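As the structure is a prediction and not an experimental result, all values here were calculated from the model. The analysis underlying the following values was restricted to heavy atoms, covering all of them including side chains, and did not include hydrogens, waters or symmetry mates.
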Amino acid sequence: MSLDGTYDDDNIFAKILRGEIPCHRVFEDDVALAFMDLFPQSPGHVLVLPKTPARNLFELDDAGLQALIVRVKNVAAGVRAALQPDGVIVTQFNGAPAGQTVFHLHFHIIPRYEGADLAGHGRAGKADDVRLAEQAKQIAAAISA
Ligand code: AMP
């Protein structure tokens, strides 16, 4: 999947947005949905995506991107407040050669903890659902506080 192409309505994030597949939700409004990454590179790894169909950064208009980045910041602030990491990575991949594997635009929020290793992008194992549910609850509470 290169940068050009057609949005696939059946990509996994489109299914999550339609509620056809469950997620550990941490935030939702009319602009964005944020949920726990099932394969976290670090504990507390969250994804933030726009509700508008867009394969990558180049396909969302400026107003949509402006609205989205504010949600990214607010969710990152919630992750920070809830999990007290020592640092936070915010990253985003466009096109398969860049590392993108799901072709609905999303930002990764990845907490970093002093002395703790980071799993490679796409190389982490699946996290325990009970733990993910706990983290989602903590982060959601911090966002709405
Ligand atoms: P990217 O490789 O940047 O497209 O990121 C896709 C991310 O989605 C990866 O970090 C995956 O671990 C994550 N992921 C894939 N399927 C799911 C899912 N069903 N629920 C939550 N996260 C997922």
Side-chain angles (χ1 to χ4, degrees), residues 1 3 7-96 98-145:
M1 292 276 193
L3 291 173
Y7 183 85
D8 174 10
D9 284 322
D10 282 330
N11 77 75
I12 192 139
F13 290 173
K15 289 181 179 176
I16 290 174
L17 282 165
R18 290 196 296 267
E20 295 167 10
I21 289 179
C23 68
H24 295 284
R25 185 172 51 202
V26 303
F27 172 81
E28 181 167 15
D29 69 1
D30 54 331
V31 169
L33 173 68
F35 51 85
M36 304 306 296
D37 196 304
L38 284 187
F39 307 89
Q41 289 182 249
S42 172
H45 183 165
V46 171
L47 303 170
V48 186
L49 37 145
K51 291 199 164 174
T52 304
R55 286 159 41 94
N56 54 50
L57 192 68
F58 305 105
E59 294 189 358
L60 190 60
D61 64 23
D62 289 357
L65 283 171
Q66 285 163 5
L68 181 62
I69 201 68
V70 174
R71 272 67 179 182
V72 170
K73 188 189 94 170
N74 290 341
V75 172
V79 168
R80 180 183 178 190
L83 304 181
Q84 312 269 302
D86 302 302
V88 179
I89 296 173
V90 176
T91 192
Q92 189 272 319
F93 302 90
N94 300 285
Q100 186 175 10
T101 58
V102 179
F103 297 91
H104 180 110
L105 171 63
H106 53 281
F107 281 81
H108 295 259
I109 295 172
I110 306 172
R112 294 302 315 267
Y113 306 91
E114 208 78 62
D117 289 338
L118 183 70
H121 178 66
R123 294 175 196 277
K126 186 178 174 304
D128 174 58
D129 271 308
V130 173
R131 183 86 187 102
L132 288 173
E134 279 169 11
Q135 289 167 340
K137 203 172 156 187
Q138 273 181 282
I139 296 167
I143 293 169
S144 58

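- Contact between Pro111 and Val79 at its shortest, heavy atoms only, is CG-CG1, 3.7 Å.
- Side-chain atoms of Val48 and His106, non-hydrogen and from C-beta on, never get closer than 4.5 Å to each other.
- In terms of heavy-atom proximity, Ala124 sits nearest to Pro40 at CB-O, 3.2 Å.
- Heavy atoms only, all atoms of each residue included: Ala14 and Asp8 are closest at CB-O, 4.4 Å.
- Rounded to the nearest 0.5 angstrom, Ile139 CD1 and Leu132 CG are separated by 9.5 Å.
- Taking the six-membered ring where the residue is Trp, the centroids of Phe103 and Phe93 are separated by 6.0 Å or more.
- Judged by distance alone, with hydrogens and angles left aside, the side-chain atoms of Gln100 form a donor-acceptor pair with the main-chain N or O of Arg55 at under 3.5 Å.
- Atom CG in Leu60 sits 4.0 Å away from atom CG in Leu65 (nearest 0.5 Å).
- Within 6.0 Å of CZ on Arg80 lie no more than 12 heavy atoms contributed by other residues, nucleotides or ligands.
- Side chains of His45 and Met36 form no contact here, defined as non-hydrogen atoms less than 4.5 Å apart.
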*Show your working on side chain to side chain contact (heavy atoms under 4.5 Å, CB included) between Tyr7 and His104 and close with a plain yes or no.*
CA-CA 8 Å; Tyr7 183 85; His104 180 110; 2.6 Å; yes
*Check the pair Lys126 / Asp129 against side chain to side chain contact (heavy atoms under 4.5 Å, CB included), numbers first and verdict last.*
CA-CA 9 Å; Lys126 186 178 174 304; Asp129 271 308; 3.0 Å; yes
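- A perpendicular orientation is assigned to the rings of His108 and His121, their planes being inclined by more than 60° (bins at 30° and 60°).
- At a threshold of 4.5 Å between non-hydrogen side-chain atoms, the residues Asn94 and Phe58 count as touching.
- Across all non-hydrogen atoms, the minimal contact from Ala76 to Ile109 is N-CD1, 3.6 Å.
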*asked:* Evaluate Lys137 against Glu134 for salt bridge (Lys or Arg N to Asp or Glu O under 4.0 Å), listing each step before the verdict.
replied: CA-CA 5 Å; Lys137 203 172 156 187; Glu134 279 169 11; over 6 Å; no
*Could you walk me through whether Gln92 and Leu105 pass side chain to side chain contact (heavy atoms under 4.5 Å, CB included), step by step?*
CA-CA 8 Å; Gln92 189 272 319; Leu105 171 63; 3.3 Å; yes
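- Contact annotation: the side chain of Arg112 never approaches that of Val88 to less than 4.5 Å [non-hydrogen atoms, C-beta and beyond].
- When side chains are defined from C-beta on, Tyr113 counts as touching Pro43, because their heavy atoms get closer than 4.5 Å.
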*Could you walk me through whether Arg71 and Asp29 pass the salt bridge (Lys or Arg N to Asp or Glu O under 4.0 Å) test, one step at a time?*
CA-CA 9 Å; Arg71 272 67 179 182; Asp29 69 1; 2.8 Å; yes
*Kindly indicate, with the supporting measurements, whether the criterion side chain to side chain contact (heavy atoms under 4.5 Å, CB included) is fulfilled by Leu47 and Phe107.*
CA-CA 6 Å; Leu47 303 170; Phe107 281 81; over 6 Å; no
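- Within a 6.0 Å radius of CD in Glu20, other residues, nucleotides and ligands contribute more than 12 heavy atoms.
- The shortest side-chain heavy-atom distance between Leu49 and Phe35 falls under the 4.5 Å cut-off.
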*Residues Arg18, Asp10; criterion salt bridge (Lys or Arg N to Asp or Glu O under 4.0 Å); working and verdict*: CA-CA 10 Å; Arg18 290 196 296 267; Asp10 282 330; 3.4 Å; yes
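- Remark: Arg25 CZ to Glu28 CD distance equals 5.0 Å, nearest 0.5 Å.
- Side-chain atoms of Gln41 come within 3.5 Å of backbone N or O of Ala119 as a donor-acceptor pair.
- Inter-residue side-chain proximity for Val46 and Asp37 is flagged as unmet; no heavy-atom pair is nearer than 4.5 Å.
- Remark: the backbone N or O of Ile110 is not paired with any side-chain donor or acceptor of Ser42 at under 3.5 angstrom.
- For the atom pair CD1 of Ile12 and CG of Leu17, the computed distance is 11.5 Å after rounding to the nearest 0.5 Å.
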